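Below is one structure; the comments refer to it alone.
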Amino acid sequence: MCTQNEIMFTAEAKESITFTLNNKEYTVPVVPGERLLDMLRNRLGLSGPKEGCGAGECGACTVIFNGINLNSCLIPAERADGAVITTIEGLSEGIEGDLDPVQQSFLDHGAVQCGYCTPGMVLSAKVFLDHNKSTPVTRPMIKEALSGNLCRCTGYQKIVDAVYACAPVKGDPEEEGEV
Amino acid sequence: MYWEKYYFAQSIEETLELLKHYEGDARIMAGGTDLMVQFKYNYLSAKVMVDIGRIKELNHIRQENGHVSIGATTTHTALATSPYLQKHFQVLASGVRTIGSPQIRNAGTIGGNVANAQPAADGSIALVALGATICGISPDGPFSRPIESTFLNPGECALNSTAELITSFTFPAPGPRDRSAFVRHSRRAALALPIMNMGLWLRLNEEEDGIEDARIAIGPMARVPFRAKKTEAFLRGAKLSEAVLDEAGELTFEEVSPRDSFRGSAAYKKELVRVYLKRAVLEAVGERSVGK
């Protein structure tokens, strides 16, 4: 019987969410009010995404979310439902521990010091390179792509060099520009 | 805990029904880039979140019936990388291109940018310059009104976020003599709030040597995005020349009254406006079309 208080909507608040994380499917119960970052770190044991500022400025919590880089500290965990997510742990999995070329390049160029920003840096670089497979890549383009990932150790030069070395098509190596 | 229940609304109607059902306890979540920060610092709490990010019709950029329509949940990245907007509405495409960082632009939406009602929100400044109309829906039905009526005070928007929803922004389709530009001054090029930002829209006269119509929006010069109406009036009918642009910059300098803030002193911001007004016009029309 219909009453005045009948619930009109058909949407349901989900009790559990299902998503693909680092090539594996997970179904986990919803913890109300949780951030994606906390779900990844505290419940799924992935310490790759870090909390730096927790306010979307430093990028240490960056993950690849449906092919784009997002700050996991600003994403409600519920939003992961149906998503394909990659953290730094997922980059080298499945190839016998071999590092992803971007990770290897960071090592080769000495682009890692304390390491806190590195997972986010590598993932933002990965998204950038995936979107620019046939575009000539320049250093200003890399700087803009990494502008949401702060590093307090390296001064960025080696990080930019590491990403530039991975670009399939390289633009003018001398091109400079402020970002 | 930030909230108790999290819904994905499947349609605009369902969003309204959820908001109505929870009688003020529900909040709309779009990109979340501002809301999640407000939750973190306990500026905000809500029992129920209604996520509108999966409603397809809210995410679009299209031209129809002489108008351009931008869906409320269109991300800054989608706007900044749209070839259509880059070609015809530089003020919007380049305005949102400097918001936050790539990660923020991938999540943040134009609707959220406006709903937060910050006087120097890059998206709001661009839309005010375009003379946009804000379209939405409230329990009484659909509404559309000038975007400037949305801004009441810093952070205070005329919309009730527990009952109403922004659906889109519309503005007139591009004319052949329309030009626009967005200029911005900040401490760094990335991840920095603007010390001054300005959106400019112009319609050139038929000879294309003067200005037929102009709209100028500047932040943060007042409690809401500021319209430089005296400068606009001066530019209407003016010929394009260095002397005219110098005089226009002087007028803008006089008509803004910013305050001292952490972004910069009032005097500094006034000087910026003088310089950038000229730069914005030159960028919009191209330096070569301006006589001495």
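Hydrogens, waters and symmetry mates play no part in the numbers below; they use all other heavy atoms, side chains included. This is a predicted model, so every value here is computed, not measured. In what follows, chains carry the letters A, B, and so on, assigned in the order in which the sequence lines appear, proteins first and then strands, with residues in each chain numbered from 1.
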Output the option from B/Lys40, B/Lys20, B/Gln10 having the highest count of non-hydrogen pairs under 4.5 Å with chain A.
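Going by pairs under 4.5 Å, I would pick B/Lys40.
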When B/Ala9, B/Ala30, B/Ala46 are compared by non-hydrogen pairs under 4.5 Å with chain A, the top option
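Heavy-atom pairs under 4.5 Å are most numerous for B/Ala30.
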Please determine whether the number of non-hydrogen atoms from other residues, nucleotides or ligands lying under 6.0 Å from atom [atom1] of [X] exceeds 12.
X	atom1	value
B/Lys47	NZ	no
B/Lys269	NZ	yes
B/Phe143	CZ	yes
B/Arg274	CZ	yes

Would A/Asp81 and B/Arg54 satisfy side-chain contact (heavy atoms from CB on, under 4.5 Å), going step by step from the backbone distance to the final call?
CA-CA 11 Å; A/Asp81 192 44; B/Arg54 295 184 179 184; 4.3 Å; yes
Considering non-hydrogen atoms only, spot the tightest contact between [X] and [Y] and give its length.
X	Y	value
B/Tyr7	A/Ala13	CE2-N, 3.3 Å
A/Pro32	B/Glu4	CB-O, 3.4 Å
B/Trp3	A/Glu78	NE1-OE2, 3.1 Å
A/Ser147	B/Ala190	CB-CB, 3.5 Å

Can you tell if the side chain of [X] reaches within under 4.5 Å of the side chain of [Y], non-hydrogen atoms only?
X	Y	answer
B/Thr77	A/Ile68	no
A/Pro76	B/Tyr2	no
B/Met29	A/Arg79	yes

Given a strict heavy-atom distance threshold of 4.5 Å, which part of A/Cys58 is in contact with chain B: side chain, backbone, both, or neither?
neither
Quick one: which of A/Ile75, A/Asn71, A/Leu74 gives a side-chain contact (heavy atoms from CB on, under 4.5 Å) with B/Thr33?
A/Leu74
Side chain, backbone, both or neither: which part of B/Phe39 has a non-hydrogen atom closer than 4.5 Å to chain A?
neither
Roughly how far, to the nearest 0.5 Å, is the CD atom of B/Gln103 from the CG atom of A/Leu146?
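The CG atom of A/Leu146 sits 8.5 Å away from the CD atom of B/Gln103.
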Apply side-chain contact (heavy atoms from CB on, under 4.5 Å) to the pair B/Leu191 and A/Leu150, showing each step before the final yes or no.
CA-CA 10 Å; B/Leu191 273 171; A/Leu150 303 187; 3.9 Å; yes
